[in-house]
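Shown next, in structure tokens, is the structure this report addresses.
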Amino acid sequence: MSLHLEHLNPEQLDAVTLPDGHALVLAGAGSGKTRVLTTRIAWLIQSGRVTPGGVLAVTFTNKAAREMVTRLTAMLPVNPRGLWIGTFHGLANRLLRAHHQEAGLPREFQILDTQDQLSVVKRLSKALNIDEDRFAPRDLQRFINGQKEEGLRASDVPAGDEVTRKQVEFFAAYDKQCQREGVADFAELLLRSFELLKRNEILRQHYQARFRYILVDEFQDTNRLQYRWLKLFAGAETRLFAVGDDDQSIYGFRGANVGNLAEFEKEYSKGKVVRLEQNYRSQGNILDAANALISNNTQRLGKNLWTSAGQGDPLRVFEGESDADEARFIAEEVSALVRGEGGARMRLSDIAVLYRSNAQSRVLEHALFGAAIAYRVYGGLRFFERAEVKHALAYLRLIANPSDDNSFLRAANFPPRGIGARSVEQLQDAATRNGVSLFNAVEPKSKAGNFKKLVEELQIETKDLPLPEMVEHVIHRSGLIEHYKNEREGADRVENLEELVNAVAAFGQDDRNPEPEEEITPLVAFLSHAALEAGDHQAADGQDALQMMTVHSAKGLEFNAVFMSGLEEGLFPHEQSVMQKDGLEEERRLAYVAITRARQRLYLSFAQTRMLHGQTRYSLASRFLEEIPEGLKKWLTPRFARQQRAMSFESAGRKQSQADRNADNKDTYFPKKEAASSFSRNRDTSGFRIGQNVQHAKFGAGVIVDAEGDAGDARVQVNFGKQGVKWLAVAVAKLQAA
DNA sequence: CGTAGAAACTTTTTT
DNA sequence: AGTTTCTACG
């Protein structure tokens with residue numbers, strides 16, 4: 001048979017062929033997790049336990065979902081369109097499309113991505129005269145998403161204080177607005193489909209009876225709502241199979257709850273846990289480094305990866321004078337690897353450069369470009385997020401759903417048609433007054449009226465066109481192409497618009513996309529796709545290229561050689577994260593993910609100075625670097641270089657102008673650890689320092705994020721996570737080190 | 001209303 | 001540094 005069960009190790013085989021019952025699989029990095037998951041689905045189908053239609057498989061990224069479908073269809077002759085394999089959001093969308101009426105949504109409802117959602121929040125906040133200094137749109141957005149991810153509607157949120165009351169009020173207004181426009185944000189997709197099934201017993205029974213096996217990948221990244229969502233799909237006969245790795249939980253910032261793993265074990269698998277601890281990916285030194293690093297975390301379920309591969313090379317460590325220096329090193333080393341120096345030749349696509357934040361890619365790109373190395377950047381500004389593409393999509397969305405106010409505002413005066421801020425304001429007033437969409441509030445004999453007419457004409461003209469021709473027509477008829485052609489630097493944008501036509505054509509031909517639900521037009525299907533999958537479409541050109549991405553987007557991938565760059569305090573771990581409860585542990589897990597991407601070679605690099613937001617930051621090496629035992633590392637730069645270089649910096653500073661020298665201290669960057677030092681001198685009396693974990697009788701566990709005052713009346717600011725951030729007087733609050 | 005240039009803001013990770 | 005938003009003027 002084509003399942004190749006004989007190639008599995010005993011634990012893997014155990015997981016794949018688990019008899020009836022729920023199960024939790026704790027799968028370490030590189031332990032063959034995806035393989036187990038897909039082989040189990042194939043095994044379930046082949047052994048006649050279930051038909052393809054009875055399987056629900058949930059992954060976290062679109063990439064992972066596609067990978068699973070590809071592998072599965074290679075093992076078994078199944079029609080991929082009949083499979084319910086996808087991301088939580090993708091599947092939720094599929095469900096809502098199929099039952100839009102029961103869910104209270106228009107058939108052509110549109111999906112708001114993060115940007116779109118923020119626009120709605122901003123617009124509404126203006127309309128409601130919200131004081132943006134007290135309630136920043138971003139914070140309101142985060143509040144709404146946070147509540148939805150906990151499964152709460154505005155009416156479910158207890159509003160203890162005035163601030164919360166205001167937020168809840170806004171939350172309610174926001175949902176009402178979205179409903180009026182016929183749009184749904186990411187969290188709404190989940191919550192709405194959850195409520196649908198919860199409320200509608202017939203539907204629930206239908207799906208519970210249908211899905212006999214539910215399999216979930218990356219379970220550690222699920223939030224509370226997603227867990228409840230899964231439980232709702234599981235009927236009495238349904239068997240749940242969850243695969244996860246608590247050490248790779250890196251989405252806490254978006255509401256992921258690692259606790260779901262333990263919860264699942266208690267509720268479902270009842271102690272039945274399969275551990276996959278043999279790593280087939282990395283050589284010994286790399287794995288040892290990962291294990292050593294992660295052992296610094298306290299909140300772990302416990303697991304140690306091992307490999308039967310040899311130790312391999314040591315980890316190569318490079319210290320650069322500057323970010324540009326670091327980038328140059330990476331470019332040179334990549335060239336050397338490709339030439340085959342120091343071992344087997346590598347292809348560019350076997351090599352990855354990873355970084356903590358997207359902003360870091362720029363310097364790297366510059367160096368790679370200079371060295372004529374082909375590269376591909378994943379993430380960052382995605383294709384469907386580019387302004388010109390968003391504009392084109394706005395026209396398409398209006399054709400599908402004219403009530404979409406976001407799209408109306410984006411398209412109405414772009415290209416400019418004399419509909420200025422004034423007219424828009426009047427329109428919005430009229431719309432609010434009559435409780436209708438902007439589109440419906442338009443006066444026929446105005447400039448906006450002409451725009452409305454344009455949209456209506458487009459609706460008619462494109463009605464019977466195939467999707468690619470429709471898009472082609474729209475980008476011309478809207479005037480977008482014309483507009484960008486006349487713009488000085490518009491050539492790229494014209495190209496992207498033409499690329500959009502290709503993307504549409506490719507979408508229609510990709511049979512891994514789920515079967516369109518009845519009555520859903522190809523246009524609506526494509527628009528959902530564009531919102532849910534910001535477009536890693538660039539993979540189309542098969543050119544061999546260096547892979548560049550954030551550590552987050554590298555999860556689940558592996559490479560022969562990995563460059564982990566920017567290992568600096570304040571960057572990795574990120575300074576923002578140190579402020580968050582359990583933030584440092586999450587950063588460490590992120591570093592763990594990065595390390596375990598590498599098969600043979602791992603480079604760790606950092607820079608003494610880095611340009612960030614127009615300022616030079618002076619940084620120290622990341623603590624994570626120190627947490628990796630010296631015996632595993634090989635320094636490519638002398639370890640005492642830092643002091644020497646620091647001295648030469650000082651002498652360089654002498655050449656600065658008088659004014660610069662006076663301002664010198666202003667742009668000197670101190671990592672949090674250092675900034676806390678003046679405070680930590682008071683340790684004897686206060687006993688605490690920034691970044692420290694503490695325990696409070698009432699608020700529970702927290703982390704100190706700021707401090708002020710000295711010995712006698714020292715006060716500390718503590719982030720208690722969900723309990724909020726509080727200033728506490730050290731003398732009064734009985735804080736305990738935790 | 002539209003534009004150019006100035007000022008202000010950003011400042012993590014993503015479905 | 002790069003991007004978005006504001007302001008002044010044609």
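Each chain gets a letter, A, B and so on, in the order its sequence line appears, and its residues count up from 1.
Between A:E132 atom CD and C:dC6 atom P the separation is 9 Å, expressed in whole Å. As rounded to whole Å, 15 Å separates atom P of C:dA1 from atom CZ of A:R610. Here B:dT12 presents its P atom at 15 Å from OH of A:Y251, a figure rounded to the nearest Å. Between the C1' atom of C:dT3 and the CG atom of A:L612 lies a distance of 14 Å, rounded to the nearest Å. Between the CG atom of A:L118 and the P atom of B:dT14 there is a distance of 17 Å, given to the nearest Å. In this entry the distance linking CD1 of A:I250 with P of B:dT14 reads 9 Å, nearest Å. Whole-Å rounding puts the A:Y355 OH to B:dT14 P distance at 9 Å.
Side chains of A:Y355 and A:F563 form no contact here, defined as non-hydrogen atoms less than 4.5 Å apart.
Checking the phosphate oxygens (OP1, OP2) of B:dT14, a side-chain nitrogen or oxygen of A:S553 falls inside 4.0 Å. Of the side-chain N and O atoms in A:S423, one or more sit less than 4.0 angstrom from OP1 or OP2 of B:dC1. At C:dT5, one or more side-chain N or O atoms of A:K122 fall inside 4.0 Å of OP1 or OP2 (strictly under the cut-off). Close to B:dT14, at under 4.0 Å from its OP1 or OP2, lies a side-chain N or O of A:N358. Between B:dT15 and A:N223, no contact under 4.0 Å exists linking OP1 or OP2 to a side-chain N or O. Side-chain nitrogen and oxygen atoms of A:R362 include at least one within less than 4.0 Å of the OP1 or OP2 phosphate oxygen of C:dT3.
With C1' as the reference atom, C:dT4 and B:dT13 are 22 Å apart, rounded to whole Å.
Using a 4.0 Å heavy-atom cutoff across all strands shown, A:A187 reaches no nucleic acid atom at all. Nucleic acid contact for A:N413: sugar-phosphate only, since backbone atoms but no base atoms lie under 4.0 Å from a heavy atom of the residue. Counting any heavy atom pair closer than 4.0 Å across all strands shown, A:F88 reaches no nucleic acid atom.
Evaluation of A:H574 against the base of B:dT12 yields a stacking contact (centre distance < 5.5 Å, interplanar angle < 30°). Put simply, A:F253 rests on the base of B:dT13: the two rings are less than 5.5 Å apart at their centres and nearly parallel, under 30°.
No side-chain donor-acceptor contact under 3.5 Å links A:Q248 and A:Y592. Side-chain atoms of A:N406 and A:R410 form no donor-acceptor pair, as typed in the model, at a separation below 3.5 Å.
Annotation: cation-pi geometry not satisfied between A:K447 and A:F451 (NZ/CZ under 6.0 angstrom from ring centroid, within 45° of ring axis).
For A:R610 (side chain) and A:D323 (main-chain N/O), no donor-acceptor pair under 3.5 Å exists by modelled atom type.
Picking from C:dT3, B:dT13, B:dT15 the nucleotide with the shortest atom distance to the side chain of A:T550 gives B:dT13.
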